[in-house]
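The structure appears right after this line, and notes come after that.
In the text below, chain A, chain B and the rest are named by the order of the sequence lines, each starting its count at 1.
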Number of protein chains: 2
Amino acid sequence: MSFDLDRFLPYRLSVAAARLSRRFAALYEAEAGLSTPEWRVLAHLAHSGAVSVRDITARVHLDKSMVSRAASRLQEAGLVRKSGNAADRRLVALELTPAGRALMARLGRIAEAFQADLLAELGPEAEALDRALAKIDQRENRD
Amino acid sequence: MSFDLDRFLPYRLSVAAARLSRRFAALYEAEAGLSTPEWRVLAHLAHSGAVSVRDITARVHLDKSMVSRAASRLQEAGLVRKSGNAADRRLVALELTPAGRALMARLGRIAEAFQADLLAELGPEAEALDRALAKIDQRENRD
DNA sequence: GCGGTGTCATTGCAGTTGCAACGATTATGT
DNA sequence: ACATAATCGTTGCAACTGCAATGACACCGC
C-alpha cells in the first residue's frame with residue numbers, strides 16, 4: 001500500500017485535462033468538424049493577427065509539424081489564409097478569412113459558455129486553480 | 001479580439017498536464033524504460049492486489065487495448081504476472097511479481113519526491129488544486 | 001560578396017493511440 | 001434448456017503524433 005496513484009498530482013491533472021478536453025472537443029467537432037490542433041490554431045489566430053507557424057508553435061504547445069498540417073487543412077476548408085511574408089520569405093503569414101472569423105465567433109461563444117459552466121461548478125476553487133496553473137506553467141517554462 | 005485561448009481553462013489544464021507528465025515521464029523512462037501506459041498500470045497494480053484488465057481500464061483512464069498491451073509488455077519484462085480467473089474465465093488476473101514490486105518501490109520514492117517538489121512550488125494553492133481536480137473528476141464521472 | 005551557420009516550414013517515417021471487430025465466455029429471459 | 005444478448009480481453013487497422021531530415025531562405029563574420 002505504499003504508492004497511491006490516485007493521490008499523484010501529475011496523473012490526476014492528466015486525467016482531468018483529458019476528460020475535460022474530450023468533452024469540449026465533442027462540441028467543436030460537432031459544430032465545425034475540427035480536430036484539436038485545428039481548434040487551437042484557429043483559436044490562437046482569432047486573438048492575434050497575422051502570424052507565422054513558429055509563433056503559434058511557441059504559444060500553443062503543439063509541434064510545428066502539427067501546426068503546419070492543421071494550417072493546411074484549415075486553408076483547404078477556407079478558414080485560414082496562408083501568404084508569404086515579404087520581409088522574410090521563410091516565414092508564412094497565417095490569418096483568418098472572413099469565414100474563419102465567423103466560425104470563431106460561434107466557437108468563441110460556445111467556449112465561453114463551456115467555461116462559465118465549469119467555473120460555476122468549481123465555485124471558489126476556480127481562482128486558486130487559475131493561480132496553480134499559472135505557477136505550473138511558469139515552472140515548466142524556465143529551462 | 002473576442003476569445004483568448006490563454007484564458008481558457010480546458011486548454012490551460014491540458015498544457016500544464018502535458019508538460020508536467022512529460023517531465024515526470026522522463027524520470028521513469030530513465031529509471032526503467034517504461035512508457036506512460038506501462039507506468040500507470042504498474043502503479044495501479046502496486047496499490048490494488050490482483051485485478052482484471054477491466055478494473056484497471058476503469059480506474060486509470062486508458063483504453064482497454066492499451067492496458068492489454070501494456071500488461072503484455074510488463075509481463076515480458078517480468079514485472080507482472082497474468083493468470084486466468086477460475087470463477088470467470090473471461091477475466092485475467094494481473095498482479096505484480098517480486099521484481100515488479102521492487103521496481104515500484106523505487107519508482108514510488110521517485111514519484112513522491114517529484115510530488116513533494118511540486119507541492120512546495122505550489123504552496124498554498126496545492127490544497128485548492130486538489131479540491132478543484134476532485135470536483136472536475138466528479139463532474140466528468142457522472143454520465 | 002561569399003561561405004558557413006542558423007532558422008523556417010514542410011514532408012517522410014516509425015511508433016503510438018483509439019475504435020471496431022472478433023472469439024471466447026457468461027448472464028438473461030422465457 | 002436454449003437462444004439471445006452482454007461482457008471480457010486481444011488483435012487489426014487507420015489515423016494521429018513526434019522526431020528527424022530536407023530544402024529554401026536569412027544572418028553573420030570576414
Side-chain angles (χ1 to χ4, degrees), chain A residues 14-15 17-26 28-29 33-42 44-45 50-77 80-95 140, chain B residues 11 14-15 17-19 21-26 28-29 33-41 44-45 50-77 80-95:
Chain A
S14 273
V15 172
R19 287 191 176 150
L20 214 53
S21 286
R22 174 172 279 246
R23 191 154 61 82
F24 180 61
Y28 54 69
E29 210 289 326
L34 297 179
S35 70
T36 297
E38 285 159 16
W39 149 255
R40 285 195 186 175
V41 169
L42 206 66
H44 182 71
L45 285 180
V51 136
S52 70
V53 168
R54 172 194 50 161
D55 291 326
I56 300 188
T57 291
R59 295 181 149 283
V60 125
H61 195 67
L62 242 42
D63 190 76
K64 59 184 178 170
S65 62
M66 250 192 296
V67 173
S68 174
R69 291 192 248 251
S72 295
R73 285 192 297 263
L74 291 171
Q75 187 187 31
E76 303 234 343
V80 156
R81 213 169 67 89
K82 259 172 29 179
S83 49
N85 184 318
D88 185 339
R89 283 190 314 203
R90 292 170 301 179
L91 274 59
V92 166
L94 295 172
E95 56 186 335
E140 302 297 323
Chain B
Y11 165 70
S14 274
V15 172
R19 288 191 175 151
S21 288
R22 174 172 279 245
R23 192 153 62 83
F24 180 62
Y28 54 69
E29 209 288 328
L34 296 178
S35 70
T36 298
E38 286 159 15
W39 149 255
R40 285 196 186 174
V41 169
H44 182 70
L45 286 179
V51 139
S52 70
V53 168
R54 173 196 46 161
D55 292 326
I56 300 189
T57 291
R59 292 181 149 283
V60 126
H61 195 67
L62 243 40
D63 190 75
K64 59 182 177 171
S65 64
M66 250 192 295
V67 174
S68 174
R69 292 192 247 250
S72 296
R73 286 192 297 263
L74 290 171
Q75 187 186 30
E76 302 233 343
V80 156
R81 211 168 68 88
K82 261 173 25 178
S83 48
N85 183 317
D88 185 338
R89 285 189 313 206
R90 291 170 301 180
L91 274 59
V92 165
L94 294 172
E95 57 186 335

Mapping N85(A) and S35(A) to their closest nucleotides on DNA chain D, which lands nearer the 5' end?
S35(A)
Nearest-Å distance, CZ (R40(B)) to P (dT16(C))?
16 Å
Minimal non-hydrogen separation, L94(A) against K82(A), with atom names:
CD2-CG, 3.0 Å
Euclidean distance, atom CD1 of residue I56(B) to atom C1' of dT7(D) [Å, nearest integer]
17 Å
Under a 4.5 Å cut-off applied to non-hydrogen side-chain atoms, are R73(B) and R69(B) in contact?
yes
Rounded to whole Å, how long is the line connecting atom CG of D55(B) with atom P of dT7(D)?
15 Å
OP1, OP2 of dC8(D) versus side-chain N and O of S52(B): anything below 4.0 Å?
no
Please report the distance, rounded to the nearest Å, between CG in L62(A) and P in dA9(C).
14 Å
Is the shortest side-chain heavy-atom distance between S14(B) and H61(A) below 4.5 Å?
no
H61(B) NE2 to dG18(C) C1', straight-line distance once rounded to whole Å:
11 Å
Give the angle between the helix axes at the two ends of the helix from dG1(C)-dC30(D) to dT30(C)-dA1(D), taking five base pairs at each end and rounding to 10°.
30°
Just how far, in rounded Å, is P of dC16(D) from CH2 of W39(A)?
19 Å
Beyond-backbone contact of V92(B) with S52(B), side-chain heavy atoms, under 4.5 angstrom:
no
Map M66(A) and A87(A) onto DNA chain D by nearest heavy atom, then report which one ends up closer to the 5' terminus.
M66(A)
Rounded distance (Å) that lies between atom P of dT10(D) and atom CZ of R73(B)
12 Å
Got a list of protein N/O to nucleotides 19-25 of chain D N/O distances below 3.5 Å?
unit_1: dC19(D); atom_1: N4; unit_2: S65(A); atom_2: OG; d: 3.2

Are there over 12 heavy-atom neighbours, none belonging to R23(B), within less than 6.0 Å of that residue's CZ?
yes
Rounded to the nearest Å, what distance is computed from the CG atom of residue L91(B) to the C1' atom of nucleotide dG23(C)?
16 Å
Should L45(A) and I56(A) count as side-chain neighbours, where that means a heavy-atom distance under 4.5 Å?
yes
Nearest heavy-atom pair of A87(A) and N85(A): which atoms, and what distance?
N-OD1, 2.8 Å
For T36(A) and Y28(A), does a side-chain donor sit closer than 3.5 Å to a side-chain acceptor?
yes
Are T57(B) and D63(B) packed together at the side-chain level, in the sense that at least one heavy-atom pair is separated by less than 4.5 angstrom?
no
